[in-house]
Protein chains: 2
Amino acid sequence: MPDFPETASGAEGPGREIPPASLARLPTYLRALNAMLADPVERVPSEELAEAAGVKSAMLRKDLSYLGSFGTRGVGYDVRFVSHKISSLLGLGQEWRVAIVGAGNPGRALARYTGFTSRGFEVVALFDADERIVGTEIGWLKVSHVDSLEAELERTGTNMAVLSVPGAVAQQLCDRLVAAGVTSILSFAPVVLQVPPHVQVRKVDMGTELQILAYHAQRAQEGEPGSGARPARQAR
Amino acid sequence: MPDFPETASGAEGPGREIPPASLARLPTYLRALNAMLADPVERVPSEELAEAAGVKSAMLRKDLSYLGSFGTRGVGYDVRFVSHKISSLLGLGQEWRVAIVGAGNPGRALARYTGFTSRGFEVVALFDADERIVGTEIGWLKVSHVDSLEAELERTGTNMAVLSVPGAVAQQLCDRLVAAGVTSILSFAPVVLQVPPHVQVRKVDMGTELQILAYHAQRAQEGEPGSGARPARQAR
DNA sequence: CAATGTGAACTCGTTCACAGCT
DNA sequence: AGCTGTGAACGAGTTCACATTG
């Protein structure tokens, strides 16, 4: 299917760095585009793609302009072409080998989540420190003891890690991952990880998200009850 | 013991809205402060708290200044006091009743995650559409059929929902949640949800995060030739 | 003519640097 | 003396609006 000129190899993109805010939206665009590929949609104007992605059309156009300038004036964008372009920019042409460190509830859920296997990410190792969990099979993977972390990372050629361990041990395991040469870490631990500058960490934190929601919810309910401002003072 | 000196009751709530970027950091500050409370730390200067939260001290001070102006010049901030202040601003004084919609792998992991129960969030209902799952117990909750969604939300007094269902049905369930009066939704579904303006949605998307990591990882590996030499330095 | 691509205006977020308190 | 609180400078991100192009 990849019948597009120059796919995964470098040199294609402009030297410009993509601004982080823009980069963070590309996966959303990619999903929208791929959804359109299912139906046989050939072209899409920025207005429509932007709506599907939940952004304004000017922003979408500016974002895409960082990757180069394709799209046909008066017509729109070629769905397949832009999809490929984003995929290759994101490095989805290659398989990323992911290790999951921490096979507790969240780790196990991740290991079984097939959603991303299909998108260029393969889970190749699973670690835990709990003897009762080590050796059990989850999905089609056997849980390794965290003692063998370095050896297994090497053996499996892991180049990305998901950290789903309790906050108390997250930093220490993060350090070991970094020492073993992992430079991309997705952390679910509710702590701020300290890493050297060449290592990329992204954090997913449900607790934080719920607290932000609580802030808005509280404001909303203060407005509701008709009586106006209420102190609503309750210590925890 | 939970009494604090002033807190001019009328003046506590600044009319000012908290800027979103600032709001998003408050949970991190709160965690750092609560960790300090464990040790008996009374006061902390902005420099130190900022380091624990991974931000610059000027930013921390500005963020805290949105909540009011406490902190003692020449000394620092009272750990307990600021912790309380943030908690109450975030609405953590009250119990939030959370329903989890979708009891697949991620939903089950969330239901068992006790980490947030302790922080003012209680899971009060769990839904799924799969007959084989409905009726089973997860943690101390029985999975309800999604058909009874509206009734159960009402019965349990749910005021927040976590949406952990496949993307294909997320929008439709989101609509039902909104129709049932839920105004705060944390979504794990990899789709852009359309909601009316009074509803707050936050999204957690591992796929997106991995793709962003892949972008950086790809850039990094383009820089260095494929030989075995890797920096592998330690974190601080 | 319809829709892109983009400079310019504007808004929001971060950092600086120092006045003002304790 | 030391540290907060904040106005002002700076920078990033978003939106506007329009010249440009197929």
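Each chain gets a letter, A, B and so on, in the order the sequences are listed, and its residues count up from 1.
To the nearest angstrom, P of dG2(D) lies 16 Å from CD of E48(B). A straight line from OH of Y66(A) to P of dG5(C) spans 13 Å, rounded to a whole angstrom. Atoms CG (L64(A)) and P (dG13(D)) sit 17 Å apart, rounded to a whole Å. We find that CG of D63(B) is positioned 14 Å from P of dT4(D), with the value rounded to whole Å. Between the CD1 atom of I18(A) and the P atom of dA12(D) there is a distance of 16 Å, given to the nearest Å. What separates CG of D78(B) from C1' of dT4(D) is a distance of 15 Å, to the nearest Å. Between the P atom of dA2(C) and the CZ atom of R43(A) lies a distance of 17 Å, rounded to the nearest Å. Between the CG atom of L26(B) and the P atom of dG13(C) there is a distance of 13 Å, given to the nearest Å.
Under 4.0 Å is where a charged nitrogen must lie from a carboxylate oxygen, and between D205(A) and R31(B) at least one such pair does.
Residue S46(B) has a polar side-chain atom (N or O) positioned under 4.0 Å from OP1 or OP2 of dT4(D). Residue Y77(A) places at least one side-chain N or O closer than 4.0 Å to OP1 or OP2 of dG5(C).
Between the side chains of R61(A) and S46(A), at least one donor N or O lies within less than 3.5 Å of an accepting N or O.
The closest side-chain heavy-atom distance from L26(B) to L67(B) is below 4.5 Å.
In terms of modelled atom types and a separation under 3.5 Å, the side chain of S187(A) and the main chain of A189(A) share a donor-acceptor contact. Proximity of a side-chain donor or acceptor of S164(A) to a complementary backbone N or O of G102(A) within less than 3.5 Å is detected. Of the possible polar contacts, none joining the S87(A) side chain to the H84(A) backbone as a donor-acceptor pair under 3.5 Å is found.
Within a 6.0 Å radius of CD in E209(A), other residues, nucleotides and ligands contribute more than 12 heavy atoms.
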Query raised in the report: Where along nucleotides 15-22 of chain C does protein come under 4.0 Å, by heavy atom, of base (B) or sugar-phosphate alone (S), with - for untouched nucleotides?
Result: BBB-BBBB
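Closest to the side chain of S65(B), out of dT14(C), dG5(C), dT6(D), is dT6(D).
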